[in-house]
Amino acid sequence: MPEARMRVSRGTLQDGEQLVEYRVPVEEGMVVLDALHWIQANAAPDLAVRWNCKAAKCGSCGAEVNGRPSLTCKTRMSDFAEDEEIVVEPMRTFPLIKDLVTDVSWNYEINRRIAPFQPPDDVPQDQWRWQQSDIERVQEFRKCIECFLCQDVCHVLRNHETDQPFLGPRYLVRVAGLEMHPMDRADRRAWLKDEGAIGYCNITKCCTKVCPEHITITDNAIIPLKERVVDRFYDPVTRLLRMISGKP
């Protein structure tokens, strides 16, 4: 049976980290999460790994495999060459708890700051009408499993070089789903510009590349939101029309 040479990050923020090498027997169909479970069962029972469904739907098992943010349950061992070293590290954007487990609670704090769906007060729900194209546009955003791989790869969040918080691609996707909903009446553009700091995103498309649900984050969510913010606050033609019409 062939063996894989794996180096797994071990340790805590207080005690420091180190990469510990393990030799893992590889069977057909194994994924990186299987290899981590083998290590837990046979070599390091105290290895901390977060996981749940092992079906790429819960978003729990995110880690960095050879430097790429990935779901370990979706990363096949057969994707690596037989002599290739496999390095598994925690998501570096978030504070380390232990081994491969990080504290992602900051994401939920950001989520709580987003204005929720606000339907019209004067239209009963049984009278809501919209086009199929409107539903298809926002349905893509509903596929998000909150694995936070896009947050992890985002260089703005990863480098922590901003003067104010940046909500990150995951929550730009959530805001896009709300803003593009045909029955939503909230205006989140000022929040996006100021507290959300959408201007920090420079559209590298890294978030789109790592998304396990293949959501086109940059093109379908972030760029349309940027366009809305620009139209509202920076478009000189729109500003002139407001001055002429007397609107604020």
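Quick note: numbers below take in every heavy atom, side chains included, and nothing from hydrogens, waters or symmetry partners. One is the number of the first residue; the rest follow in order along the sequence.
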Looking at side-chain heavy atoms only, is the closest gap between Pro119 and Trp128 below 4.5 Å? yes

Any side-chain heavy-atom pair of Trp38 and Glu27 under 4.5 Å: no

Neighbour count above 12 (heavy atom, 6.0 Å) for Lys74 NZ: yes

Exam field: side chain Ser9 to backbone Leu19, donor-acceptor pair closer than 3.5 Å: no

Can you tell me how far CG of Leu47 sits from CZ of Arg10, rounded to the nearest 0.5 angstrom? 5.0 Å

Would you indicate whether Gln132, at its atom CD, is surrounded by more than 12 heavy atoms from other residues, nucleotides or ligands within a distance under 6.0 Å? yes

Check this for me: does any side-chain nitrogen of one of Arg158 and Glu64 sit under 4.0 Å from a carboxylate oxygen of the other? yes

Compare every heavy atom of Leu149 with every heavy atom of Pro212, then report the nearest pair and how far apart it is. CD-CD1, 4.1 Å

Basic-acidic side-chain contact under 4.0 Å: Arg189, Asp231: no

What closest approach, in Å, do Cys73 and Lys54 show between heavy atoms, and which atom pair accounts for it? CB-CA, 4.0 Å

Is a donor on one side and an acceptor on the other found under 3.5 Å between the side chain of Asp184 and the backbone of Gln118? yes

Mind checking whether Val31 and Met77 have side chains closer than 4.5 Å, heavy atoms only? no

Between SG of Cys211 and NZ of Lys143, what distance do you get to the nearest 0.5 Å? 7.5 Å

Within-4.5 Å side-chain heavy-atom neighbours: Leu172 and Leu192: yes

Stepwise, does the salt bridge (Lys or Arg N to Asp or Glu O under 4.0 Å) test hold for Asp83 with Arg5? CA-CA 8 Å; Asp83 58 347; Arg5 183 162 57 95; over 6 Å; no

If every non-hydrogen atom of Phe141 is compared with every non-hydrogen atom of Val173, which pair is closest and at what distance? CB-CG1, 3.7 Å

So, the side chain of Arg188 versus the backbone of Pro116: is there a donor-acceptor pair under 3.5 Å, distance only? yes

As an exercise, state the distance from CD of Gln40 to OH of Tyr22, rounded to the nearest 0.5 Å. 10.0 Å

Ile198 with Leu178, same ILVMFWY side-chain cluster at under 4.5 Å: yes

Checking Arg92, Lys98, Arg7 against Glu17 for salt bridge (charged side-chain N to carboxylate O under 4.0 Å, His left out), the one that qualifies is Arg92

Side-chain contact test, heavy atoms from C-beta onward, threshold under 4.5 Å: evaluate it for Trp51 versus Leu36 and give yes or no. no

Just by modelled atom types, is the Arg68 backbone N or O under 3.5 Å from a matching donor or acceptor in the Ser70 side chain? yes

Minimum heavy-atom separation for Trp191 to Val175, with atom names? CZ3-CG2, 4.3 Å

Nearest 0.5 Å please: distance from the OG1 atom of Thr72 over to the CG atom of Asp34. 9.0 Å

Determine whether more than 12 heavy atoms belonging to other residues, nucleotides or ligands lie under 6.0 Å from atom CZ of Arg76. no

Count the heavy atoms belonging to other residues, nucleotides or ligands that lie under 6.0 Å from CZ of Arg113, then report whether that count exceeds 12. yes

Lys/Arg N to Asp/Glu carboxylate O, Arg23 vs Glu21, below 4.0 Å: yes

Is any side-chain heavy atom of Val8 closer than 4.5 Å to a side-chain heavy atom of Leu100? yes

For a side chain to side chain contact (heavy atoms under 4.5 Å, CB included) check, start with the C-alpha distance between Glu3 and Val26, then their side-chain angles and the critical distance, and finish with the verdict. CA-CA 5 Å; Glu3 282 189 337; Val26 178; 6.0 Å; no

May I ask you to decide whether Lys57 forms a salt bridge with Glu213, counting only side-chain N to carboxylate O separations under 4.0 Å? yes

Do Phe166 and Cys201 touch side chain to side chain, with heavy atoms closer than 4.5 Å? yes

Sidechain-backbone polar pair: Gln151 side chain, Asn107 backbone, donor-acceptor under 3.5 Å: no

Report yes or no: do Val20 and Val87 belong to one cluster of Ile/Leu/Val/Met/Phe/Trp/Tyr joined by side chain heavy-atom distances under 4.5 Å? no

Just verifying a value: how many Å separate His155 NE2 and Thr93 OG1, rounded to the nearest 0.5 Å? 11.0 Å

Kindly determine whether Arg137 and Gln131 satisfy side chain to side chain contact (heavy atoms under 4.5 Å, CB included), including the steps that lead there. CA-CA 10 Å; Arg137 188 179 190 189; Gln131 300 297 317; over 6 Å; no

Would a single hydrophobic cluster contain both Val104 and Ile145, if residues Ile, Leu, Val, Met, Phe, Trp and Tyr are joined by side-chain heavy-atom contacts under 4.5 Å? yes

Do side-chain atoms of Lys226 reach the backbone of Ile203 as a donor and acceptor pair under 3.5 angstrom? no

With sequence neighbours left out, what residues match Asp126 under side-chain hydrogen bond (donor to acceptor under 3.5 Å, both in side chains)? none

Glu85 versus Asn66, side-chain donor and acceptor atoms under 3.5 Å: no

Pairs satisfying ring-ring contact (aromatic ring centres under 6.0 Å, His included), at least one member in residues 167-188, at least two apart: Phe117-His181, Trp130-His181

Same apolar cluster: Met6 and Val101, side chain cutoff 4.5 Å: no

Taking atom CD1 of Ile215 and atom SG of Cys150, what is their separation to the nearest 0.5 Å? 8.0 Å

Looking at Asp15 and Gly11, would you say the former's side chain and the latter's main chain have a donor-acceptor pair under 3.5 Å? no

Those residues at least two apart in sequence (or on a different chain) that pass side-chain hydrogen bond (donor to acceptor under 3.5 Å, both in side chains) with Lys205 are Asp219

Determine, stepwise, if the pair Phe148 / Thr102 fulfils side chain to side chain contact (heavy atoms under 4.5 Å, CB included). CA-CA 11 Å; Phe148 303 129; Thr102 54; over 6 Å; no

Please find the pair of heavy atoms, one from Leu96 and one from Pro90, that lie closest to each other, and give the distance. CD1-CG, 3.9 Å

Are Ile114 and Met183 connected in the hydrophobic side-chain network, where two residues link if heavy atoms are under 4.5 Å apart? yes

Glu140 side chain to Thr216 main-chain N or O, any donor-acceptor pair under 3.5 Å? yes

Closest heavy-atom contact between Thr218 and Pro224? O-CD, 4.3 Å

